[in-house]
Amino acid sequence: MIAEPALERRTRTRQFVRIDSGYRWATRASAVFVLLVLGGVILSLVEGALPALGTYGFDFLTSQRWNPVTEKFGAAAPIYGTIVTSFIAMAIALPIGIGIAVFLTEVCPPVARRTIGTAIELLAGIPSIIYGIWGLFTLAPFLQEHVQPSIIDAAEGIAILETLFAGPPYGIGMLTAALILSVMVLPFIASISRDVFETVPPMLKESAYGIGCTTWEVVRHVVLPYTKIGVIGGAMLGLGRALGETMAVTFVIGNAHKIHGSLLAPGTTISATIANEFTEAVGDLYTSSLIALGLILFAITFLVLAAARLMLARLERREGK
Amino acid sequence: MVSCLGRAADISGAGATFPYPIYAQWAATYKAETGIGLNYQSIGSGGGIKQAIARTVIFGATDRPLKSEELEKHGLVQFPMVMGGVVPVINVPGIAPGALTLDGTTLADIYLGRIKRWNDPAISRLNPGLVLPSTGIIVLHRSDGSGTTFIFADYLAKSNPAWRDEVGVSTAVEWPIGLGAKGNEGIANYVMRAKGTIGYVEYVYAKQNKLAYTRLVNREGVAVSPTLSVFQAAAAGADWAARPGFDVVLTDQPGAGSWPIAGATFILLPRRPRDVAATREAIKFFAWAYRRGGNMAEALDYIPMPETVIALVESAWSRQVVDATGAPLYRGGS
């Protein structure tokens, strides 16, 4: 009679232990699985890229040539295009995205908040091919007829801008690709920033308002410092998408394996090159060069994420956390 | 009736994207008539060649013909299935479809970046009486690897030594100048809306989008407009019998009425197939398509193979494709 509850307790405890260890084991397996997949991807990329890297060596990174006929391949043009388009896209999308988030959390009347928020999330749900087609059929002709000619005229005679915006106005090109990318990464930055802005304790903001701060001062000195890690995380997510975006870019970048000084000139990115050429790549070196491009994109993404982590760590250290 | 023969396995094939619409049309009609299905994956010519060599499909399809040595090495037979024409298209204000005439040398110079303006003397000389604007030429090419590019580059190389030496011929090349657009539709769209452009597309895209095509001066010095009959003339003029692997690219072919940029798309079959029954069905399907598929092909703006070529192909089948005992899979006339 007395032993029974004790026995029951013991079995139940044992059961809990079993469930708990099973649970721990399952989560650990999931984490290891990700690492295994990642390792597998790296291994197969390296293996596939070896013939090309062995043949061209360091030249592969610095050469602009991309000649499938003579099998001379170099990745400089796609690397340049990937970095430049992503950088411009972030330069446009980051301020606008944070601006949207500030508006939604600090300024916007509550009625409109949900509508605008949903609209931004819908932007993130549009497939990239739609962005590409819109860019080709709508944005590019508009830029070609109404925007680029005046940019070219305005930049003429001004030292650096003259090269940066040299004509002719094709409509498609590096700048158009960057603009499309900025629209595509905007929802990531805006909605993540909004979510983290909402985590700022109301007491902090109210105190600031209470001592007479303006909205700008509250955002600048309370909200942004409190949430900067989240905002940077959102920006990195957006940058990751910009670096890897394929379809939309392929449609509007002009797909030329050359590095031009002008942003209006056609260029190419790593993922656009792979998407364009992989199906018809005949010959081992050609295929291997495309896989090597994939490896380079992997490395670029890794470096960018590592740099972001480093930046965050340094920020935290400066604050003595 | 079909059921007493047992359910035959579907025929699997993979390769070129260009012939996909007609293969799909043929497959649907053939299935309705015989109950035997054809599963064709349009993964690109490169993939078609790889899969035919690896024997993962019953047949491979490619726009870029393999050379005899390659066929020998991998134990494959190759034959042309259907043809298409490639047409230069332009958008120059004031110039109607077919009003502008170009030749191969000039076209290559435009694509090399040596002719930069529409009123260049080289273009004017070919078009006396036509008022050409002084605007720059915007050159469009395919950004994706493509059989269309292969045929076009082959024509430029045959007509202009500078192209042959500096650029060469492949499904993708190192373009000296220009913008890359994805697919025939990408080029057609850009040419349609941007002034001063020139591009090249499969005939059907020029026709359906009502683009301003150019006339071309062929090998005999005659300027021809692109129609099905001039494409067919190009195929009829070619010397197929001299090429055992049928690796003929129909560019710059003889014949006063022949269009200079055309090309066939090819099928690759193993000489000693592992799956004899399915390969036999595949050959039956191709024989049926040659005999009965011509109208369907023309309705989709493809060009059927001429009778003489079909006879050569059938004789090649009966000689070259054999089972394990060496008996031919195709005995003709079914």
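Chain letters run A, B, ... following the sequence lines, proteins first and then strands; every chain starts at 1. All figures in this text were calculated on a predicted structure; none of them were measured in a lab.
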Distance, nearest 0.5 Å, that separates CZ of Phe278(A) from CD1 of Ile43(B): 11.0 Å

Asn67(A) versus Glu174(B), closest heavy-atom pair with distance: ND2-OE1, 3.1 Å

Flag if over 12 foreign heavy atoms under 6.0 Å of OH, Tyr80(A): yes

Phe298(A), CZ atom: more than 12 neighbouring heavy atoms under 6.0 Å: yes

Region of Ser146(B) in contact with chain A, defined by heavy-atom distances below 4.5 Å: backbone

Chain B contact via Thr70(A) - which portion, at a heavy-atom distance below 4.5 Å: neither

Residues of residues 84-94 of chain B with any heavy atom under 4.5 Å of a heavy atom in chain A: none

Pairwise distance OG(Ser143(B)) to CZ(Phe251(A)) - rounded to 0.5 angstrom: 9.0 Å

Gap between atom CD1 of Ile172(A) and atom OH of Tyr190(B) - 0.5 Å precision: 5.0 Å

Chain A neighbours within residues 44-58 of chain B, where any heavy atom lies under 4.5 Å away: Gly44(B), Ser45(B), Gly46(B), Gly47(B), Lys50(B)

Value rounded to 0.5 Å, distance of CZ in Phe137(A) from CG in Asn189(B): 3.5 Å

Pairwise side-chain contact, Lys182(B) with Asn276(A), heavy-atom cut-off 4.5 Å (strictly under): yes

Nearest-0.5 Å distance, CD of residue Glu145(A) to NZ of residue Lys195(B): 6.0 Å

Those residues of residues 146-164 of chain A, ordered by number, that approach chain B below 4.5 Å (heavy atom to heavy atom): none

Arg64(B) portion near chain A, given a 4.5 angstrom heavy-atom threshold: side chain

Residue-level contacts of residues 252-266 of chain A with chain B, using a heavy-atom cutoff under 4.5 Å: Gly254(A), Asn255(A), Ala256(A), Lys258(A), Pro266(A)

Closest approach of Val167(B) to Val69(A) (non-hydrogen atoms, all atoms of both residues): O-CG2, 3.4 Å

